Amino acid sequence: MNVFALVEARIADALKALKSEGFFNDDLALPNVEAEVPRDASHGDVASNIAMVLAKPAKTKPREIAEAIKGKLEGGDDIEAVSVAGPGFLNVTLAPSYWQNLVASILKQGSAFGQPDLGQAKKVNVEYVSANPTGPMHVGHCRGAVFGDALANLLEFVGYDVAREYYINDAGGQVDVLARSVHLRYREALGEDIGAIPEGLYPGDYLKPVGATLAKAHGRTFVDAPEADWLAVFRSSAIDAMMDMIRDDLAALNIRHDVFFSEASLTANGNDGVKAAVDVLANKGLIYKGTLERPKGHEGEDWEDREQTLFKSTDFGDDEDRAIQKSDGSYTYFAGDIAYHLNKLERGFLHLINVFGADHVGYISRMKAAVKALSEGKADLDIKVCQLVKLFRGGEPVKMSKRAGTFVTLRDVVDEVGRDPVRFMMLYRKNDASLDFDFAKVTEQSRDNPVFYVQYAHARAASVFRRAREAFPELTADSKSVLEADLSQLKDPADLALIKRLAFFPKLVQSAARAHEPHRVAFYLYDLASEFHGLWTRGNDLPQLRFIHEDDESLTAARLALVAATQTVLSAGLGVLGVEAPEAMR
RNA sequence: GGCCCCGUAGCUCAGUCGGAUAGAGCAUCAGAUUCCUAAUCUGAGGGUCGCGCGUUCGAAUCGCGCCGGGGUCACCA
């Protein structure tokens, strides 16, 4: 039980006792007790606003309630002091022994520390990246990829059963264009001069090897053959090649998926999963023929007023109904996505998370409407939007143009900056705020980069153990002497401040997981690293705060226990972010 | 024009479920290393939380209306 849960439970007990003694009316419903960190450490270790919450329903002054609770809490195990402050805050200070014992508890739990069973092994589906299989990943995909991966890690960390999915858009017109582009490269590989790549086809050199492979496999068979003969073959090898490339790019960022779900598979093998999904909605009376109004801002002349097959998404909070079929009768992308999400539901997922880029925000409300309709409100879909990443180099924006071939790929960024800084920077910002990414800042001025700051803290902890080995070879992080050290020696305020920061980790991880916000972990790690660096340097002035005392093995063991606990939490947090926790920085 | 995101120190950004005197980094200024890695630390200055109204015992946080920046808006994916 973490410290907040402990205090919450104590207060809840106190409320029950007060109620049975007639302090409150019998019909008063006792609310959930919430405890948090007070803004100012001088207010105590844990604070609760429960008295103010209860004031109105109990028709009693908040301070009066707080005083009554205080009376019940005082003298309890591990509680050193209770005070009432301000309008009615209840401030609780825990005994040093409680904090000292926590260090042992962290070491005992190891990497399991901070994993409250929030998820209870419930199944969660996280869909992220889902970039079109028409080329290498560009830098714009980077943020959503890292975010989705870290979010999946986070949910796994708190006990969810997470499936990481990638939806391959391999069924639309784009992949036919891809196949045609590859056909040109195929002819080129056979010696033909294809000239400039025509407008509308994919010009990238990355298609050359695909053409060459097809040339080797099929010779000249398809050079003058009608498109119908080769389209499917070329499409499928092109998609395979692109997905291999994308998987490599993702691997460079340490990102993996459990499921690559093919859009085309929905309608393969004689099944029509899209029609089936549309039928599900039709059976609920949610599909109809109708016309949409021309959008206000749409002044273009290419607007056609025509009847379409529509999904009544406005019944579920969308702004307008959405098209299911194109003018040629084939299904829209949205129809396929409905089928995919029905598939997720059929696989037993009631918690769905999609990670979108900012350019897809307009898609959110229809997707939520679809899931609401398909699941009859039983499933929840959260859509996390990653805002755009703007690239800079030394303060100057990096201009990108696909035509000029100057667009920056994900691989470019990883190669130049490194995996860990890329991941950390992408997570060192709220997902829905736009992000300026400056190559110069992340590389040249690496001193200012928070990722090194956090990693350095971990490396320093490792370094202490390397040094300690010289004086006390037996004092390893997992040794009995360290695990069972006399922790009452950790009594300096700086020691206790670090321990309290460690104690916050479980609550932090829980709230980050609930909010689906992995960036909170990154900021926490920065704060924790700061606390540790501070304690380290304080050893300059106060020798008793140094970690190694060659003339005192017992004290060294206790201080090493604190270092090990810090290292454990840093490592766990970095693990959630998918950033390496190095043993050394040089 | 509709919808979504953002607006907090000179700059880049945190701010937990509505809580106490709004925080950090950078930059500026002043300091710290015979000693576990100075990729570190200590201190100082710096604020109309875009503006207004409302809800509340209490608002950076919630609601409404403005202002500014960005994204997006039948049929593509």
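As the structure is a computational prediction, the values presented were derived from the model and not from experiment.
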- prompt: What is the nucleic acid contact for A:Thr332, judged by heavy atoms within less than 4.0 Å: base, sugar-phosphate only, or nothing?
  reply: sugar-phosphate

query: Roughly, in whole Å, what's the span from CG in A:Asp40 to P in B:G19?
result: 16 Å

query: Checking all strands, does A:Ser463 fall into the base, sugar-phosphate, or nothing category for heavy-atom contacts under 4.0 angstrom?
result: base

- line: Comparing A:Ser530 with A:Leu388, nearest RNA chain B nucleotide closer to 5' gives the residue A:Ser530

message: Using a strict threshold of under 4.0 Å (side-chain N to carboxylate O), is an ion pair present between A:Asp170 and A:Arg235?
response: no

- prompt: Has A:Arg393 got its NZ or CZ under 6.0 Å from the middle of the six-membered ring of A:Phe439, at an angle within 45 degrees of the ring axis?
  reply: yes

message: Any base atoms under 4.0 Å from A:Phe504, or only sugar-phosphate, or nothing? Heavy atoms, all strands.
response: base

query: A:Phe89 on top of B:A20's base, within under 5.5 Å and under 30°?
result: yes

field: B:G47 to B:G58 separation - P atoms, rounded to the nearest Å
entry: 27 Å

- prompt: At under 4.0 Å between heavy atoms, what does A:Tyr363 touch on the DNA or RNA strands: base, sugar-phosphate, or nothing?
  reply: base

message: Measuring to OP1 and OP2 of B:G15, would you say a side-chain N or O of A:His519 lies under 4.0 angstrom away?
response: yes

- request: Indicate, with a heavy-atom threshold strictly under 4.0 Å, whether A:Asn32 touches base, sugar-phosphate, or nothing.
  value: nothing

- request: Would you kindly say whether A:Gln544 and A:Asp492 are connected by a side-chain donor-acceptor distance under 3.5 Å?
  value: no

- request: Taking Watson-Crick and G-U wobble pairs with both distances under 3.5 Å, convert RNA chain B into its dot-bracket string, 5' to 3', dots for unpaired and | for cross-strand pairs.
  value: (((((((..((((.....[...)))).(((((.......))))).....(((((..]....))))))))))))....

- request: Classify the nucleic acid contact of A:Arg306 as base, sugar-phosphate or nothing, counting any heavy atom under 4.0 Å across all strands shown.
  value: base

- prompt: Is the phosphate of B:A38, meaning OP1 or OP2, less than 4.0 Å from a side-chain N or O of A:Arg460?
  reply: yes

statement: On RNA chain B, more 5' by nearest nucleotide between A:Leu90 and A:Ala433 is A:Ala433

message: In this structure, how many angstroms lie between the C1' atom of B:C76 and the CD atom of A:Gln174, rounded?
response: 7 Å

query: Counting any heavy atom closer than 4.0 Å, what does A:Glu293 reach on the DNA or RNA strands: base, sugar-phosphate only, or nothing?
result: nothing

task: Pick the P atom in B:U55 and in B:U40, then give their distance to the nearest Å.
output: 49 Å

- prompt: Does the gap between the ring centers of A:Tyr166 and A:Tyr128 come in under 6.0 Å?
  reply: no

message: So A:Ile548, base contact, sugar-phosphate only, or nothing? Heavy-atom distance under 4.0 Å.
response: base

task: Tell me yes or no: between the side chains of A:Gln174 and A:Tyr333, is some donor less than 3.5 Å from an acceptor?
output: no

